[in-house]
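Comments concern the structure below.
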Amino acid sequence: MTIASRLKTIQQQINTTAKAAGRNTQDIHLIGVTKEQPVSAITEAYQAGLREFAENYWQEAKIKIDALTALGITWHFIGPLQSNKTAAIASHFTWVHSVCRTKIADLLASHRPSHLAPLNVCIQVNLDTETSKSGVHPTEIVHLAQHIQSLPQLKLRGLMAIPKPSDTETEQYESLSRLTTLLQHLNNNLAEPLDTLSMGMSHDYIAAVRAGSTLLRIGEALFGPRTK
Ligand SMILES: *Cc1c(COP(=O)(O)O)cnc(C)c1O
């Protein structure tokens, strides 16, 4: 199967699921996750119409961003954030989904070049506090959100999570719906409501569309198995 045919199938599934859930497909963006995939995979998806791509590691992202500058891709950073990479990330990406500390938010803000629009930011939430290490605890979301909103170089957009794997679509839906509820709770505490839920990967994107996702981050279902 080609990347183009996989993309078409996934987009049709998203459309069908969105319609059944009473959602507008325009509110749901598909992001191709290209870690451990070659530049040619990105070009192929781009030629098939995909415009948004995500990477997890700066060193790997840099090679692809440099190779593809002519294409006008919107790049999303979704990996762990180290202080010494924040300058490069703040200059080369349009979105960062994985902010979970005030210090990292401060660094991204101070390094965002002034000729660029504010960096779009999501707070990564640790939904399964017993099993996963990355993301803020749900009780810390409001504090971090208010801090990010005090930084003019950043634009807080919403929440992101990677729930622990579940076997059934019902379990996936329940897990993902917790992030939807946390966004509603956060919006009750903010002057301007946020609109973004970054959730849904290759194994749970159908449940994610039902649960309210606006940014789907899909890797292997689109590009095939990762090389490593
Ligand atoms: C790798 C990765 C994805 C994509 O995972 P797939 O299972 O290949 O769809 C999405 N989000 C994050 C944060 C990732 O690290």
Side-chain angles (χ1 to χ4, degrees), residues 1-3 5-11 13-14 17 28-38 41-42 44-45 48 50-65 73-82 85 89 93-101 104 108 119-129 131-136 157-169 171-173 175-176 178-180 182 196-228:
M1 264 231 278
T2 64
I3 291 171
S5 64
R6 291 199 197 98
L7 178 62
K8 202 168 167 211
T9 305
I10 292 170
Q11 276 166 337
Q13 288 172 319
I14 293 169
T17 310
I28 305 164
H29 293 252
L30 174 55
I31 303 169
V33 176
T34 50
K35 59 166 177 269
E36 296 169 39
Q37 302 287 353
I42 303 175
E44 204 180 323
L50 198 62
R51 291 292 177 272
E52 307 206 37
F53 295 89
E55 285 283 334
N56 289 61
Y57 303 100
W58 167 244
Q59 284 89 339
E60 187 186 345
K62 183 184 186 327
I63 297 165
K64 299 174 186 175
I65 291 173
I73 285 172
T74 299
W75 287 102
H76 297 249
F77 190 84
I78 60 172
L81 286 159
Q82 296 165 287
K85 304 294 186 318
I89 290 166
F93 287 80
T94 303
W95 283 78
V96 175
H97 295 223
S98 43
V99 175
C100 43
R101 286 193 289 149
I104 293 290
L108 288 170
L119 184 63
N120 295 291
V121 160
C122 292
I123 294 174
Q124 184 173 350
V125 179
N126 188 347
L127 282 180
D128 308 289
T129 44
T131 49
S132 124
K133 284 173 209 77
S134 39
V136 294
R157 299 299 301 270
L159 303 178
M160 179 272 225
I162 312 169
K164 69 171 192 290
S166 9
D167 297 328
T168 67
E169 204 184 300
E171 279 173 20
Q172 290 171 352
Y173 177 80
S175 226
L176 295 158
R178 286 194 283 138
L179 194 68
T180 312
L182 288 169
T196 301
L197 282 167
S198 168
M199 60 186 192
M201 300 164 51
S202 291
H203 64 285
D204 63 359
Y205 64 88
I206 298 288
V209 170
R210 290 177 49 220
S213 172
T214 64
L215 299 179
L216 300 166
R217 311 178 311 267
I218 301 187
E220 293 194 305
L222 189 53
F223 298 107
R226 283 186 275 276
T227 46
K228 276 178 246 169

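Both ligands and their constituent atoms are indexed starting at 1 by order of listing. Nothing here was measured: the structure is a model prediction, and the numbers come from that model.
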Heavy-atom nearest pair, Glu55 first then Trp75, reads CG-CZ3, 3.9 Å
Between Gln37 and Gly224 the two heavy atoms that sit nearest each other are NE2-O, 3.1 Å
Sorted by chain and residue number, the side chain to side chain contact (heavy atoms under 4.5 Å, CB included) partners of Gln13 (sequence neighbours excluded) come out as Thr9, Ile10, Tyr205, Ile206
Could you check whether any side-chain N or O of Arg178 sits under 3.5 Å from a backbone N or O of Leu127, counting only pairs where one atom can act as donor and the other as acceptor? yes
Residue shell for ligand 1, any heavy atom closer than 4.0 Å, reads Val33, Lys35, Asn56, Ile78, Met160, Ile162, Met201, Ser202, Arg217, Ile218, Gly219, Glu220, Arg226
Self-check item: Aromatic plane relationship, His76 with Trp95 - under 30° parallel, 30 to 60° tilted, over 60° perpendicular
Solution: parallel
Any donor-acceptor N/O pair, Asp128 side chain to Pro163 backbone, under 3.5 Å | no
